[in-house]
Amino acid sequence: MTIVSRLEEIASANPTKPAMKFLDRTFTYAQTNGASSLVGEALKKRGHEKGDHIAFLLGNTPHFVIGLYGVLRMGGVTIPVNPTYTPSECAYILQDADVSGIVCLDVLLPLVEKVAPSLPHLKTIVVCPTSDEEIEIPDTLKEKALSVNALLAEGGTGCAIEPVEEDDVAIILYTSGTTGRPKGAMLTHRNVYSNARDVSDYLKMDENDRVIATLPMFHVFCLTVALNAPLMNGAMLLIVPKFSPKAVFEVAREEKATIFAGVPTMYNFLYQHDDHTEDFESLRLCVSGGASMPVALLKNFEKKFNVAISEGYGLSEASPVTCFNPLDRPRKPGSIGTSIMNVENKVVNELGEEVPRGEVGELIVRGPNVMKGYYKQPEETAATLKGGWLYTGDLATQDEDGYFTIVDRKKDLVIVGGYNVYPREVEEVLYDHPHIVEVAVIGVPHPEQGELVRAYIVKKDPELTEAEIIAYCQESLAKYKVPTEIEFLEELPKNTTGKILRRSLKEQVQI
């Protein structure tokens with residue numbers, strides 16, 4: 001079984017059941033499955049074959065869902081990419097992923113136009129509209145680009161589901177590595193299906209559920225928890241194109257939503273908003289992930305809206321979910337809960353030996369959800385996958401009841417509003433500045449975003465300003481990666497070998 005065959009199964013059994021709603025348009029399961037079948041057929045007509053890599057530069061729209069299932073249906077591999085990335089960030093991922101097709105929003109055509117010449121395998125660009133206006137395709141792309149409406153209008157009988165092995169790659173998710181360069185986690189059909197199925201079952205999703213999808217669909221949290229998992233058991237997606245408290249409250253009220261999934265930042269914004277308790281009366285469950293939720297926020301939110309929050313844990317390399325606070329037993333605020341079905345979590349020491357309950361160690365995971373490896377990175381794969389276990393790099397404890405708690409994130413990871421930022425990637429951009437001698441980047445606490453990026457800089461030119469550095473970073477980095485605070489120092493702290501000590505800078509922040 002794959003997520004594609006499961007969608008077809010439900011579409012056959014309940015063709016008129018609503019699968020998703022976007023703004024004022026509803027798509028049934030039959031329409032969703034049929035449209036994805038036409039997408040798969042059209043791609044095959046354009047020379048795409050099983051195993052081809054198709055990148056997505058899309059926001060939260062039905063096109064993402066239809067495109068995802070269409071590509072997988074014809075045996076292709078999907079590569080979701082953050083559409084807010086800069087051309088240089090996108091170019092690296094698209095080149096590294098060896099993409100032969102791109103599905104993008106029309107407003108991103110200028111970006112695609114910049115990166116397309118560097119993609120030797122590119123055959124097709126499918127452009128999705130953001131309005132009712134006719135799509136204007138640049139002359140340089142007309143040979144390869146067409147609108148998704150034109151593609152669907154071609155008709156045809158659709159394409160049969162291409163037979164795949166469960167170990168065949170379905171999705172490659174690019175996640176920043178400690179080297180500063182993103183690396184592609186290869187998720188197989190078994191990985192994707194098993195995690196969607198197990199999350200859906202764990203959260204007791206069924207055909208009566210209406211799940212708000214406002215997390216970015218290109219992010220693995222939304223992809224599994226708020227997209228694939230609901231569709232496994234016939235639920236309905238309520239697609240919100242961009243998060244705002246007003247939009248979420250409105251959709252929840254009008255569509256009688258039953259499940260909301262978000263990161264702690266979103267919960268904080270919803271909690272701080274004017275009184276909208278009646279808008280969430282239909283919710284039976286909220287799901288939190290992406291970063292640790294402050295216990296005070298969790299308790300205040302639950303009290304205000306009278307709905308339980310199940311906090312969990314995951315990472316791209318595990319498709320992503322490994323733990324959730326259970327629904328049928330007491331929750332432990334501040335913990336990430338217990339292992340979901342079919343997944344095993346363990347806390348180990350540096351030798352890979354399990355530590356006693358209550359002691360801190362590295363969290364490792366195994367199960368059908370664990371990735372195949374990193375694309376074209378055997379050394380990184382070997383360092384992360386050992387003896388069938390995925391080493392997460394996160395420090396955790398497990399209590400006597402089997403509940404896990406994350407003690408600290410990966411050593412230098414900064415989490416801004418649920419998005420991962422690796423300091424090395426920001427530092428490499430700053431080191432390219434001609435007037436910067438040394439730089440160290442850390443995360444500093446922020447009441448709404450979780451953390452913000454701060455850069456400590458030793459500069460050559462005394463006239464160099466904070467504003468100039470931020471503007472410089474904005475040219476090469478996505479908005480959430482750009483430092484919001486700059487501190488100039490005469491010298492950065494170092495150890496005896498000359499290595500810059502970020503730890504010392506973090507300790508200064510905490511004092």
Side-chain angles (χ1 to χ4, degrees), residues 1-22 26-34 36 60 62 64-66 68-69 192-215 217 220-240 248 251-262 279-289 302 305-312 314 319-329 331 337-343 368-369:
M1 182 71 73
T2 65
I3 60 170
V4 174
S5 57
R6 180 60 178 154
L7 177 68
E8 184 157 270
E9 200 173 73
I10 297 177
S12 177
N14 299 293
T16 60
K17 173 78 172 64
M20 54 183 173
K21 185 169 185 180
F22 178 73
T26 300
F27 298 77
T28 66
Y29 269 86
Q31 289 171 330
T32 303
N33 186 64
S36 67
N60 285 16
F64 191 106
V65 182
I66 291 167
L68 171 70
Y69 282 79
V192 175
Y193 173 73
S194 70
N195 207 233
R197 175 201 63 204
D198 293 345
V199 167
S200 185
D201 292 346
Y202 198 86
L203 299 179
K204 297 178 170 55
M205 292 181 180
D206 62 26
E207 67 276 3
N208 297 314
D209 277 315
R210 294 168 167 244
V211 183
I212 296 176
T214 190
L215 287 159
M217 287 183 168
V220 68
F221 184 8
C222 184
L223 193 60
T224 293
V225 177
L227 196 164
N228 289 331
L231 296 179
M232 290 300 95
N233 285 342
M236 180 181 181
L237 310 182
L238 303 173
I239 301 174
V240 178
V248 169
V251 167
R253 180 182 68 251
E254 294 181 357
E255 302 299 331
K256 299 290 186 281
T258 61
I259 297 177
F260 172 77
D279 294 340
F280 273 2
E281 286 180 352
S282 59
L283 287 184
R284 70 170 182 85
L285 174 67
C286 287
V287 178
S288 180
E302 291 187 338
F305 294 105
N306 192 31
V307 60
I309 299 175
S310 179
E311 188 170 6
S319 306
V321 181
T322 77
C323 287
F324 261 128
N325 267 274
L327 305 184
D328 55 356
R329 300 194 304 282
R331 291 172 303 121
T338 58
S339 300
I340 66 170
M341 57 196 74
N342 300 314
V343 177
N369 57 321

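Just so it is clear, the structure is predicted and the values come from calculations on it, not from any experiment.
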Checklist entry - Sub-3.5 Å donor-acceptor pair from the side chain of Thr28 to the main-chain atoms of Pro15, do we have one? => result yes

Item to check | Sidechain-backbone polar pair: Ser310 side chain, Asn325 backbone, donor-acceptor under 3.5 Å | outcome: yes

Next on the checklist: Counting C-beta onward and ignoring hydrogens, is there a side-chain heavy-atom pair between Phe27 and Leu237 closer than 4.5 Å?
Outcome noted: no

Next on the checklist: Testing the 3.5 Å rule here: is there a donor-acceptor pair between the side chains of Tyr69 and Asn228?
Outcome noted: yes

Item to check | Minimal non-hydrogen separation, Asp198 against Met341, with atom names | outcome: OD2-O, 3.3 Å

Item to check | Non-hydrogen side-chain atoms of Leu68 and Met217 separated by less than 4.5 Å | outcome: no

Checklist entry - Sub-3.5 Å donor-acceptor pair from the side chain of Ser36 to the main-chain atoms of Asn33, do we have one? => result yes

Item to check | Distance, nearest 0.5 Å, that separates CG of Asn60 from CG of Leu238 | outcome: 12.0 Å

Item to check | Least distance between heavy atoms, Ala213 atom then Ala226 atom | outcome: CB-O, 3.8 Å

Next on the checklist: How close do Ser282 and Ala252 get, counting heavy atoms only, and between which atoms?
Outcome noted: OG-O, 3.7 Å

Item to check | Geometric class of the Phe305/Phe280 ring pair [parallel <30°, tilted 30-60°, perpendicular >60°] | outcome: tilted

Item to check | Check: Ile212 and Val240 side chains under 4.5 Å, non-hydrogen atoms | outcome: yes

Checklist entry - Is Asn369 reaching over with its side chain to a backbone N or O of Ser319, donor-acceptor style, under 3.5 angstrom? => result no

Checklist outcome for this item: To the nearest 0.5 Å, atom CD1 of Ile10 lies from atom OH of Tyr29 at 5.0 Å

Checklist entry - Hey, does the side chain of Arg210 reach the backbone of Lys256 with a donor-acceptor pair shorter than 3.5 angstrom? => result no

Item to check | Lys21 and Glu254: CA distance, side-chain angles, deciding distance, salt bridge (charged side-chain N to carboxylate O under 4.0 Å, His left out) verdict | outcome: CA-CA 12 Å; Lys21 185 169 185 180; Glu254 294 181 357; over 6 Å; no

Checklist entry - Does any non-hydrogen side-chain atom of Asn14 lie less than 4.5 Å from one of Glu207? => result no

Checklist entry - Under the 3.5 angstrom rule, does the side chain of Asn195 hit a backbone N or O of Val321 as a donor-acceptor pair? => result yes

Checklist entry - Can you tell me how far the CG atom of Leu227 sits from the CD1 atom of Ile239, to the nearest 0.5 Å? => result 7.0 Å

Item to check | Test log, rule side-chain contact (heavy atoms from CB on, under 4.5 Å), inputs Met1 and Glu9 | outcome: CA-CA 10 Å; Met1 182 71 73; Glu9 200 173 73; 3.4 Å; yes

Checklist entry - Can you tell me if CG on Asn208 sees more than 12 non-hydrogen neighbours from other groups inside 6.0 Å? => result yes

Checklist entry - Is the closest side-chain heavy-atom distance between Asp209 and Asn233 below 4.5 Å? => result no

